[in-house]
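Reading through the structure tokens given below for one structure.
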Amino acid sequence: MIYEISQKKSKKPARKVELRELEEGQYEIEIDGETVHVDAAKSGRTIYSVIEGGRQFEVSVDEKGPRDFDILLRGRLFHLEAVDERSRLLAASSKMASSGPQTVEAEMPGKVMLVKAAVGDTVAEGQGVVVIEAMKMENEIESPIDGVITELPAEAGQTVENGDVLFVVEPTPDEGDGSKR
Amino acid sequence: MIYEISQKKSKKPARKVELRELEEGQYEIEIDGETVHVDAAKSGRTIYSVIEGGRQFEVSVDEKGPRDFDILLRGRLFHLEAVDERSRLLAASSKMASSGPQTVEAEMPGKVMLVKAAVGDTVAEGQGVVVIEAMKMENEIESPIDGVITELPAEAGQTVENGDVLFVVEPTPDEGDGSKR
Amino acid sequence: MFKKILIANRGEIAVRVIRACHEMGIEAVAIYSDVDREALHVRFADEAYHVGAPPASESYLVAERIIEVAKACGAEAIHPGYGFLSERAVFVEACKEAGIVFIGPEAEVMMKMGDKVRARQTMQAAGVPIVPGTTEALTDEQAIAFSKEIGLPVMVKASAGGGGKGMRLVKEESALQSSIERARSEAMASFGDDTIYVEKFVEEPRHIEIQILADQHGNVIHLAERECSIQRRHQKVIEEAPANRMTPELREAMGQAAVAAAKAVHYHGAGTCEFLVDKNMDFYFLEMNTRVQVEHAITEEITGVDIVKAMIRVAAGEPLGIEQNEVQISGHAIEARIYAEDPEKGFVPSPGELVVYRPPGGIGVRVDSGVYLGAKVTVFYDPMVAKLVATGRDRPEAIDRMRRALREFAVKGIKTSIPFHEAVMKHPKFIEGHYDTGFIEEHMGGAFDPGEDEEAERVANIMAAIAAYRSAKARAAGAASSTQGGGASEGQWRNAGRRGQMRGGLR
Amino acid sequence: MFKKILIANRGEIAVRVIRACHEMGIEAVAIYSDVDREALHVRFADEAYHVGAPPASESYLVAERIIEVAKACGAEAIHPGYGFLSERAVFVEACKEAGIVFIGPEAEVMMKMGDKVRARQTMQAAGVPIVPGTTEALTDEQAIAFSKEIGLPVMVKASAGGGGKGMRLVKEESALQSSIERARSEAMASFGDDTIYVEKFVEEPRHIEIQILADQHGNVIHLAERECSIQRRHQKVIEEAPANRMTPELREAMGQAAVAAAKAVHYHGAGTCEFLVDKNMDFYFLEMNTRVQVEHAITEEITGVDIVKAMIRVAAGEPLGIEQNEVQISGHAIEARIYAEDPEKGFVPSPGELVVYRPPGGIGVRVDSGVYLGAKVTVFYDPMVAKLVATGRDRPEAIDRMRRALREFAVKGIKTSIPFHEAVMKHPKFIEGHYDTGFIEEHMGGAFDPGEDEEAERVANIMAAIAAYRSAKARAAGAASSTQGGGASEGQWRNAGRRGQMRGGLR
């Protein structure tokens, strides 16, 4: 899993962190072109004890949202956003298509966990329509535009392959007046 | 709810404690012929703060079993057994009948939560057969003897009245050899 | 000696007084508002009584109810702590009428010292130096004229003020009128009294105060000084004892002035004379606090005298039992007030539940706190979570120890000022020991920047990835178990319940 | 000064050394076994390395691996704490060969003082009084003959012994042979050496020890004494400083003896000379511990000297920097060792997870501990959970404070010796300060009885009813939600999973 980590209110460039879980709490991490082993232990009502290359850090992690984290160590608080690359690509592709009926496809193999709308439903841009699980991660696939669902072949429990159509959404008729919600 | 509290490894007589919950954590207690209000607060990973008649105590309660409690306060550890009167009566009545097929009846109105055996099953003395909920309390009704279930009119979800038959158990044929497990 | 004392307070100071009571074999009675039922001061008490709703005005400030509780439970005395009713002469009177000992000075003495203008007059009469300025209430015109007479800069102050409220530094003549107006309106809003006076502004001012103890038999001693110059918006943040650049001669002179002040008003109990010390080491009386101070602990650390126990003893009529020449100073102590506040956002309060609370321990570390793991910090009261006191053989060791203790202090669930204190303990100007009340403004910025730390940043980045991964995995596991668990309709229902969590899962 | 130190230990003493390192700006390297990954000493360290399986013989005692870690991470010195490798001369040699500083005395000195027989000879030669007895290894016959010569009662002791192992009090001639045999076999099992010697048994013996500090430049000072007479099975349980009934003359004499002993062997580092003091206040050298003691904290409290930091400084070759006449004693300190053990069951260890852990705080209270809420106490290591130290202006205040602190100390998940300590602090003989090493056996029984408390008993009875009610209600609520939640089959499946909980619901 590759994450792009950016620091809020900072001009620093985003940093790429590649993560592979070896076992519970043990990770192989690639950062700044280096591959390191990270042992992140946490039990009960405590904060993380992180050991990396022998260095030990006590780290407090506060989840502010599914990808927003406040991380405190050594008296420094970092407001970080962690976006996984897959999500970023998906988001980018859904942004690209911007007029006419939008067909949303699966970007990688996975399983449909949940279908949150039905054909004929009006949906808003950014509203979740289908939830797909891939690589142990749950991703909510959102409508790229305000509109009405016209096709919805995805079914809960179904396995999807790369490129399978998840749903199609037609722009709302009144979109021309420029006053979206 | 009336409890009889006895102190293990002590010759002191059991003490009767009558309890009525007023609201979460607030109780009206009758003990030693006196009625008092008890405020037993507990949140998170803490121990109880108990206020009774203005007196405040920090009390650690360890549940060793559904009616066995180790209670520590002011440097004194009490090993207490709390038996609710209803259970005591039920236990006594099931003990009284001691030979031949045993009919087990509901001792008070309640609802059958769970049936844990079926007709034809071999059960041991003390094995739970039916679970009944009455007065917010769950009571497991056990077989009074080693034997085989011959009747089992109780059904999950069913409401029972005082005296309704829950199940009948027939003694195991070889009980005559006196070598009960 | 008393058998039972009611503590008319909450938080760390209530806990502090309960500790003193228990060490003396006295039963401690706590009072609590609705939100404090499970507070530490209740948990530590022998008796605890509910006194009202969360706002202090409906609980901890309701004098009649508190006195009623004290009478009903048979408490012979009331310790007011600091804040709340501790400096309200009417409460002292009410206690007296109810036949309950107020642990502090007489109402009359409190009134004399509580009003800043009267206190200055009293002190001047006792020969204690005061900052050049008026000692009487002034009209706007008088205040402006007097300011011009003694020369700017001046401080415009509210007579009834305290805690920085109703106080204005005026550097230019053009700002005089508006500053006076604002000081008056603040004072009216906060204290219901818009009387003001004007003082010469002291340059490179340091806030140094003398702790005194007095019994009812005329014995008065002082326990040396504390330096409280690290202030933010006129609120003390870090204190130390002894003061920097203190000489035995100056300590002797200031101590004698404080003792004289206390004797002048026949004071008994614990009290503090606050002074300004200027760049020439000249000192001026500011005001007297007729109660235990937040920062009393650092004096206890360097003198070995338990100030709260002494307060109780003298209130019971016992003699002090300690002479001035028995007061020995050894070592150096620093206190850091740990607030539930967000140093990044201009120190706004940060209430919440303490999901992690691991105070530091070991050699030379004392923590006075009213919280514990699982406790909730509410918006109703002072946001101070803990007083962290580090004591060493000398000042450098005390600083090293404070730095170590701050590092150990783990809190999660609320934001705290711990990172701010860490930054102060590393600041060259603080380490040097040469600072004045302008320290925070000059050196720590409005907010503050703890500086770069490449290694910490790298680990934070790694942890962000791990946290995001774990979070997504936990959500996936939750979803997996729900689709496994039951039929479609139930799955739907459950997922609906979890929707909040998933929101924004992928945009 | 060193930049990085490895601590070859775990638990509270590892935390203690890390604190000293951090206060000195030195990076601390922790080592840990499988079960200690989340231990406090790891959490506080700058670096941490895994060294093996839970049994100490496979981790904390594997000298080669630990030295390897130290070399690999660039640690310049190793602090051994107490126990484990702290008194193993071979480890000291191995450190030297690896070019790493061992924080403690030379291997040669350790061997000389570590062997009790050699230590006694050395001390005798230096003019330090020793208990009448042999100073050489004895055969059974020699031991019996000598015992008859000096007269019973005698102590039969293992030369390599420590911690009460391989030690026997013999009061009658008939028991001599069997006691010698048992002492030998215990010594062989524990230390791999069955050498024994015999000593006169001292009447009303008190265990008083002198703390010394020595640098590599020939400076040796002592930090006065500690009394460690409260022992259970020859293990110290409560210590205090200064000792009861101590006179300045006796302190001077014992201190000089300890300093002479250290000088005789060119000792450097921290060390402790243990003495027996009899009813006539005559003292006899027992043994020297060539490491930091568990109870060093009480000496730090009354002298203000940080012993662990001093150890590090002198190991780095720095001079002590403190003269004998600068050592001032002020106040009184008591240490209670809080063990994870069940006082009701003859003090058997009580491992488990700390589901509640709220150590006491405030004035005069110091807690040195290696645990935190959520930490697990395992069966692999010493069951000491925390050292609780209370310091007061005088002994009565220290006792009052200890009593108060014990009351505040909340632990749940394991049984602890806290109630035992509370009983000792209330015992008239302890309060009087007139006791000897027989105190626990004579006054506290094998187990102990905290005495009746009607009010506590009443509340316990009420709480038992409330707990039973809440427990049954929680089970009922669980059952209700499951029947509501899904179909019959799922309900069945879920209930099966909860069966363990319900077992015995009604018999």
Side-chain angles (χ1 to χ4, degrees), chain A residues 1-3 5 7 12 15 17-19 21 27 29 31-32 36 38 40 45-48 50 52 55 57-63 65-67 69 71-84 87 90-91 113-114 116 126 128 131 133 135-142 156-157, chain C residues 342-344 354-358 373-374 406-408 410-413 415 418-423 426 450-453 455-480 482-483 488 491-492 495-496 499 501-507:
Chain A
M1 187 69 58
I2 300 176
Y3 288 93
I5 316 287
Q7 209 161 329
K12 293 193 181 177
R15 231 150 142 176
V17 177
E18 186 166 354
L19 174 152
E21 186 175 36
Y27 306 91
I29 299 282
I31 182 169
D32 305 334
V36 294
V38 175
R45 289 201 165 193
T46 61
I47 51 183
Y48 280 96
V50 178
E52 189 256 292
R55 303 286 296 167
F57 308 86
E58 279 208 293
V59 185
S60 163
V61 177
D62 254 323
E63 186 167 350
R67 56 189 184 192
F69 302 92
I71 293 180
L72 177 70
L73 74 155
R74 283 207 201 146
R76 280 162 186 83
L77 181 63
F78 300 92
H79 303 283
L80 300 176
E81 187 181 30
V83 181
D84 70 290
S87 308
L90 287 171
M113 304 302 291
L114 185 62
K116 302 175 75 179
V131 177
E133 198 242 67
M135 285 180 66
K136 293 188 193 164
M137 313 281 290
E138 192 175 310
N139 297 297
E140 190 163 8
I141 312 298
E142 302 165 344
Chain C
D342 191 342
E344 277 194 328
L354 294 164
V355 294
V356 169
Y357 181 72
R358 191 193 64 205
L373 187 140
L406 287 164
R407 175 180 166 163
E408 281 180 23
V411 177
K412 197 162 165 325
K415 296 244 188 329
I418 291 171
F420 171 81
H421 289 294
E422 290 190 300
K426 284 175 192 154
E452 289 281 306
D453 182 337
E455 194 182 29
E457 195 172 324
R458 183 167 172 277
V459 172
N461 272 273
I462 293 173
M463 278 310 294
I466 291 174
Y469 175 80
R470 287 174 67 118
S471 170
K473 193 175 150 191
R475 285 200 303 280
S482 76
T483 37
Q492 201 79 32
N495 278 309
R499 202 167 290 163
Q501 242 178 293
M502 296 198 307
R503 209 153 35 107
L506 178 72
R507 308 227 149 142

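The chains referred to below are lettered A, B, ... by the order of the sequence lines, with proteins before strands, and numbering in each begins at 1.
Proximity to chain C is absent for every atom of Glu81(A), based on heavy atoms less than 4.5 angstrom apart. Neither the backbone nor the side chain of Ile418(C) comes within contact range of chain A, judged by heavy atoms closer than 4.5 Å. At a 4.5 Å heavy-atom cutoff, the contact between Arg358(C) and chain A is made by side-chain atoms alone. Residue Glu18(A): no heavy atom, backbone or side chain, is found under 4.5 Å from chain C. When heavy atoms are compared at a cutoff of 4.5 Å, Glu452(C) approaches chain A by way of both its backbone and its side chain. Contacts of Leu77(A) with chain C are made by both backbone and side-chain atoms, with heavy-atom separations under 4.5 Å. Proximity to chain C (any heavy atom under 4.5 Å) is restricted, for Ile71(A), to the side chain, taken from C-beta onward.
Across Glu63(A) and Ser471(C), no two heavy atoms sit closer than the pair OE2-OG, 2.6 Å. Taking all atoms of both residues into account, the shortest heavy-atom contact from Ala460(C) to Leu80(A) is O-CD1, 3.3 Å.
Contact annotation: the side chain of Arg15(A) approaches that of Arg458(C) to within less than 4.5 Å [non-hydrogen atoms, C-beta and beyond]. Between Phe69(A) and Met463(C) the shortest side-chain heavy-atom distance does not fall below 4.5 Å.
Heavy-atom pairs under 4.5 Å with chain A peak, among Glu422(C), Glu457(C), His421(C), at Glu457(C).
Side-chain atoms of Lys412(C) come within 3.5 Å of backbone atoms of Val61(A) as a donor-acceptor pair (strictly under, hydrogens ignored).
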